[in-house]
Peer 1: 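Could you have a look at this structure, given as structure tokens, before my questions?
Side chains included, hydrogens not; waters and symmetry mates left out as well; all remaining heavy atoms used. Naming convention: chains lettered A, B, ... in sequence-line order (proteins, then strands); numbering from 1 in each chain.
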Protein chains: 2
Amino acid sequence: MQDNINKLFKAIADPTRREIFHALVLATSALSITQISNQFDMSRQGVTKHIKILNDAGLVQMQEEGRNRFCYADPKPLKEVNKWMQFYSQFWDDSLDKLGGYLDSK
Amino acid sequence: MQDNINKLFKAIADPTRREIFHALVLATSALSITQISNQFDMSRQGVTKHIKILNDAGLVQMQEEGRNRFCYADPKPLKEVNKWMQFYSQFWDDSLDKLGGYLDSK
DNA sequence: TTAATACGCAACTATATGGTTGCTAAATTA
DNA sequence: TAATTTAGCAACCATATAGTTGCGTATTAA
């Protein structure tokens, strides 16, 4: 649904969330909530909230194991953002002539 | 500066803002604030706020002309978002094996 | 069995966000 | 000159967001 793309954009809009996501992408293994909060100078609960938002956006997956919840990044949903942007890429070089168009028609 | 990318992500995080931006990209001429608010069922002030944020992000440029302020889209800053995403594109297909990595090392 | 660890849930705080209305000022039209 | 149009600014409101602390619970280790 169209709602997913909103969650995606929201998820990556926050710099802390982008950092967490980045750390998870670079990590060689899945990381627990506590492990993440240790390297982020933030309370465990703060991390939990961010992880929940990233998870809702599909950017982070989780696997419970005993008392641990191991998180790992899943960059696939970013394909959607990429698709959104591709439309505008055709205007990257030839933009800024809209005003001219207006002025000409005056 | 690193602050610009934050403004960019913030700007495109809001669905209304993406719609306004899209309308400006498709427009054949620059549009005044009033013209935009007419096709968006939102108060002029609401549009003004969104335009300000888009302008701060560099996605919308403006040209004052008398009592009018003509707005036009500038998609160039999106290149930055594209650059951010390109790093993760290499993981789009071969992700989801982090947990396995963890389990193996147990 | 007791102690420690990892975590979720709830409550709370401060600030940001998306939106509105009302007023004022400048530019244009009649 | 008087009326209309375009827009900025300020105040306001409701809700969302980013973060915290405290507490209870399940799992693991001693």
Side-chain angles (χ1 to χ4, degrees), chain A residues 3-24 27 29-57 59-72 99 102-103 106, chain B residues 3-24 27 29-57 59-72 99 102-103 106:
Chain A
D3 199 37
N4 274 358
I5 193 85
N6 278 339
K7 286 183 180 175
L8 248 180
F9 277 109
K10 268 288 174 59
I12 62 175
D14 183 78
T16 305
R17 227 132 52 206
R18 288 200 303 278
E19 277 189 62
I20 292 176
F21 175 70
H22 193 72
L24 288 177
S29 70
L31 300 177
S32 73
I33 302 280
T34 304
Q35 283 175 320
I36 298 171
S37 62
N38 280 344
Q39 53 181 292
F40 271 95
D41 187 36
M42 193 189 323
S43 78
R44 189 175 48 77
Q45 282 310 319
V47 170
T48 298
K49 284 193 178 183
H50 283 307
I51 288 290
K52 178 165 172 39
I53 291 170
L54 287 166
N55 182 48
D56 285 348
L59 291 169
V60 163
Q61 303 293 330
M62 283 173 298
Q63 179 91 3
E64 299 194 20
E65 208 174 315
R67 62 182 164 182
N68 293 298
R69 260 168 101 225
F70 292 102
C71 309
Y72 51 99
L99 187 69
Y102 163 77
L103 291 175
K106 263 182 75 172
Chain B
D3 199 37
N4 274 357
I5 193 83
N6 278 340
K7 286 184 181 176
L8 248 180
F9 276 109
K10 266 292 174 57
I12 61 176
D14 182 77
T16 305
R17 227 131 52 205
R18 288 199 303 277
E19 277 189 62
I20 293 177
F21 176 68
H22 193 72
L24 288 178
S29 69
L31 300 176
S32 73
I33 302 281
T34 303
Q35 283 175 321
I36 298 171
S37 62
N38 280 344
Q39 53 181 293
F40 270 96
D41 187 37
M42 193 189 324
S43 77
R44 190 174 49 75
Q45 281 310 320
V47 170
T48 299
K49 283 194 179 183
H50 283 307
I51 287 291
K52 179 166 172 38
I53 291 170
L54 286 166
N55 182 48
D56 284 349
L59 290 169
V60 163
Q61 302 294 330
M62 284 173 296
Q63 179 90 4
E64 298 193 22
E65 206 173 318
R67 61 183 165 184
N68 294 296
R69 260 168 101 225
F70 292 102
C71 309
Y72 51 99
L99 187 69
Y102 163 76
L103 291 174
K106 262 182 72 172

Peer 1: Could you check how far CD1 of A/Ile33 sits from P of D/dT27, rounded to whole Å?
Peer 2: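 In whole Å, D/dT27 P lies 17 Å from A/Ile33 CD1.
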Peer 1: Could you check whether A/Thr34 gets within reach of a base, just the sugar-phosphate, or nothing at all, counting any heavy atom under 4.0 Å?
Peer 2: sugar-phosphate
Peer 1: In whole angstrom, what separates B/Asn6's CG from C/dA16's P?
Peer 2: 14 Å
Peer 1: Run the side-chain donor-acceptor check on residues 44-53 of chain B: report pairs under 3.5 Å with partners two or more places apart or on a different chain.
Peer 2:
{"unit_1": "B/Thr48", "atom_1": "OG1", "unit_2": "B/Arg44", "atom_2": "O", "d": "3.0"}
{"unit_1": "B/His50", "atom_1": "ND1", "unit_2": "B/Arg17", "atom_2": "NH1", "d": "3.2"}

Peer 1: How close or far is atom C1' of C/dT24 from atom CZ of B/Arg44, stated in whole angstroms?
Peer 2: 12 Å
Peer 1: Just the rounded figure in Å: distance from C1' of D/dT6 to CZ of B/Phe70.
Peer 2: 10 Å
Peer 1: Does D/dG19 have its OP1 or OP2 closer than 4.0 Å to a side-chain nitrogen or oxygen of A/Ser43?
Peer 2: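 No, because none of the side-chain N or O atoms of A/Ser43 sits under 4.0 Å from OP1 or OP2 of D/dG19.
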Peer 1: Starting at atom NZ of B/Lys52, determine the distance to atom P of D/dA7, rounded to an integer number of angstrom.
Peer 2: 16 Å
Peer 1: Counting only side-chain nitrogens and oxygens, does B/Thr16 get under 4.0 Å of the OP1 or OP2 atom of C/dT17?
Peer 2: no
Peer 1: Look at A/Lys10 and D/dT17 and indicate whether a side-chain polar atom (N or O) is within less than 4.0 Å of OP1 or OP2.
Peer 2: yes
Peer 1: Determine: side-chain N/O of A/Arg17 to OP1/OP2 of D/dT17, distance under 4.0 Å, yes or no.
Peer 2: no
Peer 1: Rounded to whole angstroms, how far apart are CG on B/Leu31 and C1' on D/dT6?
Peer 2: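 Checked: the CG to C1' distance equals 15 Å.
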Peer 1: Think A/Ser32 has a side-chain N or O under 4.0 angstrom from the OP1 or OP2 of C/dA6?
Peer 2: no
Peer 1: Please state how far atom CZ in B/Arg18 lies from atom C1' in C/dG18, giving the value in whole angstrom units.
Peer 2: 15 Å
Peer 1: Please write out the pairs of protein N or O atoms and N or O atoms of nucleotides 25-30 of chain C separated by less than 3.5 Å, giving the distance to one decimal.
Peer 2:
{"unit_1": "C/dA27", "atom_1": "N3", "unit_2": "B/Arg67", "atom_2": "NH1", "d": "3.4"}

Peer 1: Which of the following nucleotides, C/dG19, C/dT21, C/dG18, is nearest to the side chain of B/Lys49?
Peer 2: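 Closest nucleotide among those given: C/dG19.
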